[in-house]
Amino acid sequence: MLRTHTCGELRTSHAGQAVTLCGWAHSVRDHGGLVFITLRDRYGFTQVVVEPGASQSAAECARGIHRESVLRIRGTVSQRPEGTWNNTIATGQVEVIAGDIEIMSDAAPILPVEVSDDKLANEEARLRYRYIDLRRHSLQANMHARHRAALAVRNWLEKQDFIEIQTPLFVRSTPEGARDFVVPSRNFPGMFYALPQSPQLYKQLLMIAGFDRYFQLAPCFRDEDQRADRQLVHTQIDLEMSFCDEEDVFTIVEGIISAAFKAVNGVEVKGPFPRLSYDEAMERFGSDKPDLRFGLEMRDLTDLVSESEFGIFREVCASGGRVRGLAATGCAHFSRKETDELADIAKIYKAKGIITLKIEEGQVRGSVAKYLSEDAQRGIVKRLQAVDGDLVIITADDPEVSAVSLGQVRRFLGRKLGLIREGDYKLLWVTEFPLFEWNPDENRWEAKHHIFTQPREQDLPILESDPAAVKGRLYDLVLNGVEMGSGSIRINNPELQKRVMNIVGTTTEDAERKFGFLLHAYEYGGPVHGGFAIGFDRLIAVILGLENLRDVIAFPQNAAGVSLVDDCPNEIDLKQWQELHIRPAESVVPRSGSR
RNA sequence: GGGGGCGUGGUGUAGCGGUUAACAUGCCUGCCUGUCACGCAGGAGAUCGCGGGUUCGAUUCCCGUCGCUCCCGCCA
């Protein structure tokens, strides 16, 4: 090695030793005669002192060092004089007296982004110069945390007899679900590979093959629009196990989550995590991924107001809609501007508006109060456990809209009112999801999770007659209001599989074409099995308290899906088009040069 | 596909219908032997994203466009 120690290593016990350090010039402080250089590497900071008396050549060299240049410094470790210790760095009691400085790589004097966690440059610049931005302490720490978590998860799963098996990255394209990324085949004109949205089908085959406990840290590709918590490529902790039920999967996943927390920040999280059915989550929190770090629970008020004088309530109730409310603690003083803000949130989620009532001096006040009977007013106050100073917020819409829009108002209020304690982690399982979802655009039922999910046994008789009421053996893991992953117990019975496919309108020929290989596989001995997939990037981000996945991914894409560091996607040569037997659509004008 | 926000020296910000476009930091020069975001003095550095309009005059107001970002849709 070109160095004897790292920049985080030296202590007073090393005093007197001759050492060689390599690193980046984090800051250079020139005092004329005396120059201080803070040298940085992955491991920490070490102060180098350049004294003209100690080395004339080093002193001359030190004068022209640019920040972020790579230096190799030979010198002697020395305990710092009394009163000059720096307690903010681990090596703060020592310094290296430079004997020789070698500028291994001179950095340009003006940097496009700063290596500093305060005052960040705009994200575009930071992504374009990601290799500089990654030098920041917080990103280095995030990458370390991610590594520790991956290692801990692998070790823990190995102890539970899971083995990691890689599955193909070139897979069969299926029209279901997210849009596929697609790779044209050179050998088969007009044919394409797809990049996997998840290893789902392969892990089912692995169960049939007898690998009864499989896992994988698997890259997953989905060509959909980006969000702060969604990247085109993300990593799942994917797992599947045979001869199990929900409880077994929960136990394993709880163990994984505990291991990850412990590895990332030492927080103790232990199972079993609380559980909530999908229906209950929607009723109480207006979300299938409720944030349980605060209260502000919702209640149904439909029965109390269906006979009221208020037209909106009457109409909504008469047409099968629902009226829901929550009591916002101490918000009766909200200004018009503030309640409008709440209404705007609700409107984003398709609500027509919100109705607010103030609770003051034991009275219900507000423009709608006069339309509500004494009984209705008392009933609302009682059901929402509202007290003086509260603001009652009500939505009235179709069942889903009234729940979701009020749920989003609740989420907003939780933050606005500062009800979320930093460092608080609330995990829960959401269970008994509906198996099917009605797609009004295509006028048909769709699988909520995927078509391989088992219906609950008690729902088998109504499978065809009332698909909306059928619940699946389907579960999500939620952490602080973020969906961390989902899984299910799979169908391993070809007859049942056919019934489910019939409901979502997959004909036998369709099924044969798309999933024939999988369906046939179950004809040769398919065990009962189930599994789960955890969004690994999200997990690390939420544990670290970060909102954006880019902070836990070394080379992420921007919101448009562009990898700025290498300017990808990029155009390809005409020859490549030809080899792949494809040509651009008429409407496409190939871009020339880079963006 | 739709909506919101943002775009001013390398970087982060301020500003305003008429300015010499301000401040901080970085950079360059000089001084400085105990700093650690060193300090002090001086200096360079911006066609205010782009195009059009309104106006005597636009960085500022309006329209369009591009880029970034967040959200809705989408994401089995």
Side-chain angles (χ1 to χ4, degrees), chain A residues 26-40 45-54 59 63-64 66-68 78 80-89 91-92 95 107-129 132-133 174-180 197-198 200-201 220-232 234 344-345 347-350 404-405 408 412 433 435-437 439 441 445-453 472 474 483 486 488 500 504 506 514 533 535 547-548 550 558-560 562 564 595:
Chain A
H26 189 69
S27 85
V28 181
R29 301 177 295 281
D30 184 351
H31 285 238
L34 193 63
V35 181
F36 296 95
I37 300 169
T38 300
L39 201 64
R40 184 197 71 236
F45 301 91
T46 301
Q47 172 160 285
V48 175
V49 187
V50 187
E51 294 173 340
R63 208 160 301 142
H66 296 125
R67 300 181 310 156
E68 295 304 312
S78 166
R80 291 201 196 184
E82 207 68 44
T84 65
W85 292 3
N86 182 350
N87 295 324
T88 62
I89 58 175
T91 62
E95 57 197 5
I110 298 176
L111 302 168
V113 294
E114 295 289 320
V115 182
S116 161
D117 281 323
D118 348 291
K119 61 168 191 182
L120 299 178
N122 79 65
E123 193 136 33
E124 187 177 8
R126 280 162 37 218
L127 289 175
R128 194 170 293 284
Y129 297 93
I132 301 176
D133 199 40
T174 52
E176 266 76 23
R179 202 172 292 116
D180 278 329
Q197 296 176 26
S198 78
Q200 183 61 36
L201 302 180
C220 301
F221 307 85
R222 294 174 191 181
D223 188 5
E224 296 289 350
D225 289 343
Q226 313 274 295
R227 286 294 166 74
D229 62 348
R230 279 177 3 204
Q231 282 270 311
L232 296 180
H234 74 284
D344 287 342
I345 306 258
K347 283 175 190 166
I348 293 172
Y349 297 89
K350 295 191 218 142
V404 170
S405 58
Q408 292 291 339
F412 174 82
F433 275 80
L435 190 59
F436 302 108
E437 212 168 24
N439 182 333
D441 295 330
W445 292 101
E446 282 182 347
K448 176 128 184 155
H449 186 52
H450 55 58
I451 60 166
F452 310 112
T453 302
L474 174 53
E483 181 188 328
S486 59
S488 65
V500 167
V504 299
T506 309
K514 291 177 194 160
E547 304 258 304
N548 200 304
R550 291 193 274 265
N558 73 359
V562 175
L564 288 166
R595 259 169 301 273

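Within every chain, numbering begins at 1; the chains are lettered A, B, ... in the order of the sequence lines, protein sequences first and strands thereafter. Quick caveat: nothing in here was measured; it's all calculated off a predicted structure.
Partners of A/Arg179 by salt bridge (Lys or Arg N to Asp or Glu O under 4.0 Å), not counting sequence neighbours, listed by chain and number: A/Glu224.
Ring-base stacking between A/His31 and B/C32 is not satisfied when judged by a centre separation under 5.5 Å and a plane angle under 30°.
For the P atoms, the distance from B/G12 to B/U47 is 15 Å, rounded to whole Å. Of the C1' atoms belonging to B/C32 and B/C16, the separation is 41 Å, rounded to the nearest Å. Rounded to a whole angstrom, the distance from the P atom of B/U25 to that of B/C68 is 31 Å. Taking atom P in both B/G43 and B/C50, one finds a spacing of 29 Å when rounded to whole Å.
Per the geometry, CD belonging to A/Glu51 stands 17 Å off P belonging to B/C32, to the nearest Å. In this entry the distance linking CG of A/Asn558 with P of B/C70 reads 9 Å, nearest Å.
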Could you list the protein-to-nucleotides 73-75 of chain B atom pairs, N/O on both sides, closer than 3.5 Å?
{"unit_1": "B/G73", "atom_1": "N7", "unit_2": "A/Arg227", "atom_2": "NH2", "d": "2.8"}
{"unit_1": "B/G73", "atom_1": "O6", "unit_2": "A/Arg227", "atom_2": "NH2", "d": "3.3"}
{"unit_1": "B/G73", "atom_1": "N1", "unit_2": "A/Asp225", "atom_2": "OD2", "d": "2.7"}
{"unit_1": "B/G73", "atom_1": "N2", "unit_2": "A/Asp225", "atom_2": "OD2", "d": "3.1"}
{"unit_1": "B/C74", "atom_1": "O2'", "unit_2": "A/Glu224", "atom_2": "OE1", "d": "2.8"}
{"unit_1": "B/C74", "atom_1": "O2", "unit_2": "A/Arg230", "atom_2": "NH2", "d": "3.3"}
{"unit_1": "B/C74", "atom_1": "N3", "unit_2": "A/Arg230", "atom_2": "NH1", "d": "3.1"}
{"unit_1": "B/C74", "atom_1": "N3", "unit_2": "A/Arg230", "atom_2": "NH2", "d": "2.7"}
{"unit_1": "B/C74", "atom_1": "N4", "unit_2": "A/Arg227", "atom_2": "NH1", "d": "3.4"}
{"unit_1": "B/C74", "atom_1": "N4", "unit_2": "A/Arg230", "atom_2": "NH1", "d": "2.9"}
{"unit_1": "B/C75", "atom_1": "O2", "unit_2": "A/Arg230", "atom_2": "NE", "d": "3.4"}
{"unit_1": "B/C75", "atom_1": "O2", "unit_2": "A/Arg230", "atom_2": "NH1", "d": "3.1"}
{"unit_1": "B/C75", "atom_1": "N3", "unit_2": "A/Arg230", "atom_2": "NH1", "d": "3.1"}

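Side-chain N/O atoms of A/Arg80 and base N/O atoms of B/C36 include a donor-acceptor pair closer than 3.5 Å. One cannot find a donor-acceptor pair under 3.5 Å joining the base of B/G34 and the side-chain atoms of A/Glu82.
Taking 4.5 Å as the limit, some side-chain heavy atom of A/Leu564 sits within range of a side-chain heavy atom of A/Glu124.
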Pair A/Ser27-A/Arg29, side chain to side chain donor-acceptor pair (under 3.5 Å): steps then yes or no: CA-CA 6 Å; A/Ser27 85; A/Arg29 301 177 295 281; 2.5 Å; yes
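Judged by Watson-Crick or G-U wobble contacts below 3.5 Å, the nucleotide B/U19 has no partner.
Other residues, nucleotides and ligands place no more than 12 heavy atoms under 6.0 Å from the OH atom of A/Tyr129.
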